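Residue numbers begin at 1 in each chain, while the letters A, B, ... track the order of the sequences. The structure displayed is predicted, hence computed values, not measured ones.
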Amino acid sequence: MNPPRVRIAPSPTGPLHIGTARTALFNALYARHTGGTFLLRLEDTDVARSTVAFEADILEGLHWLGITWDEGPDAAGGEDNGPYGPYRQMQRLDRYAAAVAGLLERDLAYPCFCSAEELDADRKAQEAAHLPPKYVGRCATLTADERAARATGGRPPAIRFRVPAEVVAFDDAVRGRVEIDTSNLGGDFVIVRGDGTPLYHFTVVVDDAAMEISHVIRGEDHLSNTPKHILLFRALGHPEPVFAHLPLILNPDRTKMSKRKSQTAISDYIAQGFIREALVNYLALLGWSTGSEEEILSFDEIAARFDLDHVQKGGAVFDRERLEWMNGQWIRRLADDDLVTRLLPFLEADHIAGRIDRTPTADEVQVLLPMIRERLPTLGAVGDLIGFLWIDRLVADPAVLVPKRWDPATTLAGLIAARAVIADTGAVSFEADELEPPLRELAEARGWKAGDLFMAIRVAVTGRTATPPLFDTLVALGRERTLARLDAAIATLEGASR
RNA sequence: GCCCCCAUCGUCUAGAGGCCUAGGACGCCACCCUUUCAAGGUGGAGAUCAGGGGUUCGAAUCCCCUUGGGGGUACCA
């Protein structure tokens, strides 16, 4: 048995979709587990909708996820690598033409001169008669003379594949035996458009055959079309690959995941600060399981365990909350310098967007890691968490400045007293261990709850009620800015009370 | 409409005839820790395994039917 050859065949007609990413991942995992070959082929025959920008988004997104292929184009518009190239369908048109010529010659396919209007009328008639839509076969039995006559009419024909009457059966690697009667396939289907460009069902088979694909691992949405592909493999005289149909990723309402109802573009997840380790881990566990209770696993750990037997048959709802939890798990596992490197672009984006007044340095972020690490569900949350450190003029809302159990007068008194204590202690050394005891003493002496006093200070210096631990925050802010923000808050309260 | 596929806690899932009075995780609720928020710890609620028939000494696991859901049905991929 030769090592498996599997592929992902994205169409550059949209940004990298979460479903495509998962299918790519499953194929890559299968190849890595079995020592097989994983290749990428671009299905760009829908010229009207395909763009280089989408191509770049897809290839870069897969690279970002850490999914690598052994054959195929590495970059958008770049060179193809591998012995079965080219790996772009628009560069393989001669092969489809040759394959069609062969089918035509053996009368396994034929030219169809029907116009869109005729086809439309057929479909409407069938609908009215409550019959399933099906090509009526008007051009199936044309004689050579008739074809020649129609051809001179100027309308270039499409090419249809003759669907034989039989029951096609195959053993799906995840679903078991599937049998479909070809009478339900909708009649002879078009494999080449009138303009000469080949269609998906045809190109996918010609290429999978030419590239010696052994296992076709793809979404369940292709299950019903599989008999067409099998018929084509047979007509081409090529052995059929093993098919494995993955369960679909679903919207919360259990329909096929769509951009209308869910966030489907990988680039959006990247932009929000999800990290590749979490996305890969989460996606692998959507529709597949180890068979055990392990769940936080790296790509390599998953590849070592991967198999088609544990692929789920039913669709899986995409649960963003679980993804966020897993993202937090992986963020906590990252090495310090790695986390800083990944955080910086988000801080820079906050700066550009005007949410903070400057981008901090790597060193500045590095020392803050202990106080933010377990508070980051996503990298994108960093600005909300500690952005106040890089804001020049902080304006604290008087309404939130006053702790729940306190009134404005108490808050004012508390902040004035706290300012004095901080100014005193801080003169020696501005450290968390030095700041906490005297402030606790202050609270006790005045009969305040320490938590209330701390909350007032917290809001005064950060503008928010949820922050990293207070004393670490004061130290990160520094003595000067802490005092200045306390002064500003005191002024705000005095202003509000007048 | 027709064809195909699917069906275990709200969600992701373990489970391949007795180990299941159905296990884990997310989320939710309590409590602990605690200056807030997290993280972490402990405990809890939550699934008559869609329903009904079989097969079997025994079924979440096998078979059939029903119901429900999804997908496909293009000169899109």
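- Nucleotides C4(B) and A60(B), compared at atom C1', are 25 Å apart to the nearest Å.
- Distance check on atom C1': C3(B) versus C19(B) gives 42 Å, rounded to whole Å.
- Side-chain nitrogen and oxygen atoms of Thr45(A) include none within less than 4.0 Å of the OP1 or OP2 phosphate oxygen of C76(B).
- Toward the 5' end of RNA chain B, the nearer of the two residues Thr465(A) and Trp288(A), judged by each one's closest nucleotide, is Trp288(A).
- Considering only side-chain N and O atoms, Arg218(A) lies nowhere under 4.0 angstrom from the phosphate OP1 or OP2 of G72(B).
- Dashed line: the shortest gap from a side-chain N or O of Lys256(A) to OP1 or OP2 of G72(B) is under 4.0 Å.
- For G58(B) and C31(B), the P atoms lie 48 Å apart once the distance is rounded to whole Å.
- Without hydrogens or angle criteria, Asn281(A) side chain to Glu295(A) main chain gives a donor-acceptor distance under 3.5 Å.
- Remark: the separation of the C1' atoms in C63(B) and U56(B) is 12 Å, to the nearest Å.
- Atom pair Lys313(A):NZ and A7(B):P shows a separation of 6 Å (rounding to whole Å applied).
- Contact annotation: Arg440(A) reaches the phosphate of U35(B) (side-chain N/O to OP1 or OP2, under 4.0 Å).
- Within the 4.0 Å cut-off from OP1 or OP2 of C76(B), not a single side-chain nitrogen or oxygen of Gln89(A) is found.
- His222(A) has its NE2 atom 18 Å from the P atom of C6(B), to the nearest Å.
- Interface remark: the Arg175(A) side chain does not form any donor-acceptor pair with the C5(B) base, using a distance-only criterion of under 3.5 Å.
- The same atom, P, is picked in C32(B) and in A50(B); the two are 40 Å apart, to the nearest Å.
- Side-chain N/O atoms of Thr255(A) and base N/O atoms of G70(B) include no donor-acceptor pair closer than 3.5 Å.
- In terms of phosphate contacts, Arg322(A) brings no side-chain nitrogen or oxygen within less than 4.0 Å of OP1 or OP2 of U13(B).
- Ring pair Phe161(A)/Phe189(A) is tilted by interplanar angle, where 30° to 60° counts as tilted.
- Between the CZ atom of Phe202(A) and the P atom of A74(B) there is a distance of 19 Å, rounded to whole Å.
- G10(B) and C26(B) make up a base pair, with Watson-Crick or G-U wobble contacts both under 3.5 Å.
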I'd like a table of atom pairs between the protein and nucleotides 59-68 of chain B - only N or O on both sides, under 3.5 Å - with the distance next to each one.
none

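- Just one residue in the list Leu29(A), Leu308(A), Ile302(A), Leu246(A) forms a side chain to side chain contact (heavy atoms under 4.5 Å, CB included) with Trp288(A), and that residue is Ile302(A).
- Between the side chains of Glu434(A) and Thr425(A), no donor N or O sits under 3.5 Å from an acceptor N or O.
- Toward the 5′ end of RNA chain B lies the nearest nucleotide of Tyr282(A), the other residue of the pair Tyr282(A) and Asp46(A) mapping further downstream.
- For the pair Arg320(A) and C26(B), the criterion of a side-chain N or O lying under 4.0 Å from OP1 or OP2 is not met.
- C20(B) and G15(B) have their C1' atoms separated by 9 Å, given to the nearest Å.
- Of the C1' atoms belonging to C62(B) and A16(B), the separation is 11 Å, rounded to the nearest Å.
- Remark: Phe170(A) CZ to Arg177(A) CZ distance equals 9.5 Å, nearest 0.5 Å.
- His245(A) comes within 4.0 angstrom of nothing in the nucleic acid, heavy atoms only.
- Proximity of a side-chain donor or acceptor of His215(A) to a complementary backbone N or O of Ile217(A) within less than 3.5 Å is not detected.
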In 5'-to-3' order, the base (B), backbone-only (S) or no-contact (-) status of each nucleotide in nucleotides 42-47 of chain B, using a 4.0 angstrom heavy-atom cut-off, is ------

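- At least one donor-acceptor pair closer than 3.5 Å links the side chain of Asn27(A) to the backbone N or O of Thr23(A).
- Using modelled atom types, no side-chain atom of Thr203(A) and backbone atom of Pro198(A) make a donor-acceptor pair closer than 3.5 Å.
- The nearest whole Å value for the distance from the CE atom in Met371(A) to the P atom in U36(B) is 16 Å.
- The C1' atoms of U11(B) and A7(B) are separated by 15 Å, rounded to the nearest whole Å.
- Remark: Arg342(A) engages Ile275(A), Arg276(A), Glu277(A), Leu334(A), Asp338(A), Leu379(A) in a side chain to side chain contact (heavy atoms under 4.5 Å, CB included) (not counting sequence neighbours).
- A 3.5 Å limit on both hydrogen-bonding distances identifies C57(B) as the Watson-Crick or G-U partner of G18(B).
- A sub-4.0 Å separation between OP1 or OP2 of A39(B) and a side-chain N or O of Gln329(A) is absent.
- A donor-acceptor pair shorter than 3.5 Å cannot be found between the side chains of Asp319(A) and Tyr282(A).
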